[in-house]
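One structure is given here, and the rest of the page talks about it.
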Protein chains: 2
Amino acid sequence: MKDIAREVGVSVALVSYVLNNRFENRINKDVAEKIRNTAQKLQYRPNQIAKSLKTNKTFTIGLIVADISNPFSSSLARIIEDEGAKYGYTVIFGSSDEDLAKFEALTNAFINRQVDGLILLPPSGSEALLLRLKAMRFPFVIADRYFPKLEAHCVNVDNLKAAYDAVSLFVEHGKKAVGLINYKTDLAHLNDRTKGYTQALKDAGVSVNKNWIRKVDISNDPPEIEKAVAALLSAPSVNAIFLHRIVLRCML
Amino acid sequence: MKDIAREVGVSVALVSYVLNNRFENRINKDVAEKIRNTAQKLQYRPNQIAKSLKTNKTFTIGLIVADISNPFSSSLARIIEDEGAKYGYTVIFGSSDEDLAKFEALTNAFINRQVDGLILLPPSGSEALLLRLKAMRFPFVIADRYFPKLEAHCVNVDNLKAAYDAVSLFVEHGKKAVGLINYKTDLAHLNDRTKGYTQALKDAGVSVNKNWIRKVDISNDPPEIEKAVAALLSAPSVNAIFLHRIVLRCML
DNA sequence: CTGAAAGCGCTTACAG
DNA sequence: CTGAAAGCGCTTACAG
């Protein structure tokens with residue numbers, strides 16, 4: 001900008017104004033034209049870093065997913081990225097791998113990079129951290145999950161209702177002995193599925209056999225689920241399984 | 001930093017020094033300790049933007065792949081990201097979708113964001129742009145592809161040799177009438193495959209029937225390839241097909 | 001219609 | 001051992 005100003009013989013301020021299309025009505029057309037031309041000639045590229053330092057905006061948003069190798073995460077990331085791009089935002093990613101420490105480290109790294117906001121899929125145990133974020137008024141929204149005691153912006157699916165509907169569908173089709181495979185977790189959105197399942201059966205007048213419910217270790221996902229499926233299939237009374245894991249479609 | 005300096009009663013410079021662990025040997029241990037403590041207390045977070053403006057380093061690298069929805073791109077991106085993270089770098093992505101204009105726009109956007117360097121999978125026709133990058137001494141490395149007339153850092157696989165070896169394997173197993181499906185393109189790395197294919201058959205004393213070679217439109221990939229496969233399969237003489245497209249494994 | 005100047009939050013020669 | 005000061009490349013009240 002200094003070079004342009006010198007070449008055209010105006011102030012840096014004026015260069016800034018015309019290159020940002022500000023006060024267009026009260027700037028001399030010819031001067032503006034000349035500034036634009038020399039900017040072109042000198043191959044001027046605005047330094048976004050300097051701009052950010054001044055304006056306090058980086059047009060960057062940080063996204064922390066739970067496990068990037070999960071197709072759910074990657075397609076989510078892709079969509080958020082595309083949507084952000086529409087508004088001129090870059091989104092930078094991180095994967096917490098459901099690990100609290102990693103989640104915290106990523107959050108801090110993103111904040112230090114001055115992201116304008118955070119989209120978070122927080123692992124269990126991260127309430128305190130989120131509370132701190134809230135206290136410092138750092139903009140964030142939670143996706144996919146939620147914490148019942150934490151008031152925050154979030155976008156979720158109604159897991160309880162979804163599970164309720166799925167299980168009810170089984171019942172309508174005469175499958176009343178429905179097995180459930182869920183994760184051993186304290187993430188509310190996952191436990192909501194168990195609630196929906198239980199409620200649906202209850203409403204259908206089916207008394208749930210507790211052997212029908214299998215909770216598997218989330219960190220050892222495919223093999224554990226495979227075992228659980230086998231166990232349920234060999235349980236004589238079960239005639240349907242409610243299992244919510246996209247990746248496993250192929251397995252069944 | 002100003003707040004810390006005021007609180008401890010030292011200069012901002014000193015705060016900067018101790019927080020960056022510089023001149024450790026000649027700074028008063030007690031003062032350093034006190035600075036670190038108040039930094040902690042005040043929940044100091046370094047502003048990376050300001051740091052970058054001064055140091056001219058963002059520890060960010062830009063990666064432009066050809067088509068992010070292609071598993072090749074996404075796994076590449078994942079690996080580069082992980083590798084970058086080891087060295088404290090964030091990598092930000094973009095997908096050119098093999099489009100020159102989009103490629104140029106992304107390149108500019110990344111440069112304006114002051115990435116420290118670029119990793120590029122350039123679309124055909126991008127030589128001029130790359131030349132400009134080179135002329136302005138902007139650091140970049142080309143991956144996966146190359147332009148014969150452009151000298152630049154790049155990491156590639158030897159497509160010619162790979163195709164040669166693959167086709168030779170067919171020949172060794174008695175399949176001498178090998179069909180080839182390749183893209184209609186002027187990307188050298190892809191045409192190298194045709195060269196390797198041709199050379200392998202030539203070296204085996206097989207005279208290539210030109211009906212064996214099918215070139216399909218890259219932008220209409222799956223259906224076109226499907227057609228080409230069908231065409232080759234119905235050609236009576238062909239007894240093997242060299243087809244280089246990971247995604248299609250399932251199709252055959 | 002245009003410019004001088006302060007300032008964003010840091011780093012870094014330089015001086016003492 | 002420590003600090004005053006300049007400067008990175010911008011933006012933006014403010015004055016004229």
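Convention: sequence-line order gives letters A, B, ...; per-chain numbering from 1. For clarity, every value in this text was computed on a predicted model and none was experimentally measured.
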How many whole angstroms separate atom [atom1] of [X] from atom [atom2] of [N]?
X        : N     : atom1 : atom2 : value
B/Ile35  : D/dC1 : CD1   : C1'   : 12 Å
A/Lys54  : C/dA5 : NZ    : P     : 16 Å
A/Ile49  : C/dG9 : CD1   : C1'   : 13 Å
B/Gln48  : C/dG9 : CD    : C1'   : 11 Å
B/Arg113 : D/dG9 : CZ    : C1'   : 17 Å

Pick base, sugar-phosphate or nothing for [X], based on heavy-atom distances below 4.0 Å to the nucleic acid.
X       : result
B/Asp30 : nothing
B/Val12 : base
B/Tyr17 : base
B/Asn25 : sugar-phosphate
A/Val31 : sugar-phosphate
A/Asn56 : nothing

Let me know which of A/Asn47, A/Thr90, A/Thr58 forms a side-chain hydrogen bond (donor to acceptor under 3.5 Å, both in side chains) with B/Arg113.
A/Thr90

What's the shortest heavy-atom distance between [X] and [Y], and which atoms?
X        : Y        : value
A/Arg145 : A/Ile142 : O-CG2, 3.1 Å
B/Ile64  : B/Phe103 : CG2-CD1, 3.7 Å
A/Thr107 : A/Leu118 : CG2-CD2, 3.9 Å

Looking at [N], I'd like to know if its phosphate oxygens (OP1 or OP2) sit under 4.0 Å from a side-chain N or O belonging to [X].
X       : N      : value
A/Asn20 : D/dT11 : yes
B/Lys51 : C/dT11 : yes
B/Ser16 : C/dT11 : yes

Considering only [options], which nucleotide approaches the side chain of [X] most closely?
X       : options               : answer
B/Ala13 : C/dA4, D/dG3, C/dT2   : D/dG3
A/Val10 : C/dG3, D/dG7, D/dG3   : C/dG3
A/Asn28 : C/dT11, D/dC10, C/dT2 : C/dT2

Applying the Watson-Crick and G-U wobble criteria at under 3.5 Å, what pairs with D/dC14? Answer none if nothing qualifies.
C/dG3

If you pin B/Phe23 and A/Leu53 to their nearest nucleotides in DNA chain D, which one's is more 5'?
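Here B/Phe23 is the residue nearer the 5' end.
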
Quick one: on DNA chain D, does B/Ala32 or B/Thr55 contact a more 5' nucleotide (nearest heavy atom)?
B/Ala32

Using 30° and 60° as the class limits, which term best fits the ring planes of A/Phe93 and B/Phe93: parallel, tilted or perpendicular?
tilted

Could you walk me through whether B/Thr60 and B/Val91 pass the side-chain contact (heavy atoms from CB on, under 4.5 Å) test, one step at a time?
CA-CA 6 Å; B/Thr60 302; B/Val91 359; over 6 Å; no

Closest-nucleotide mapping onto DNA chain C: is A/Ala50 or B/Arg22 further toward the 5' terminus? I mean the 5' end.
A/Ala50

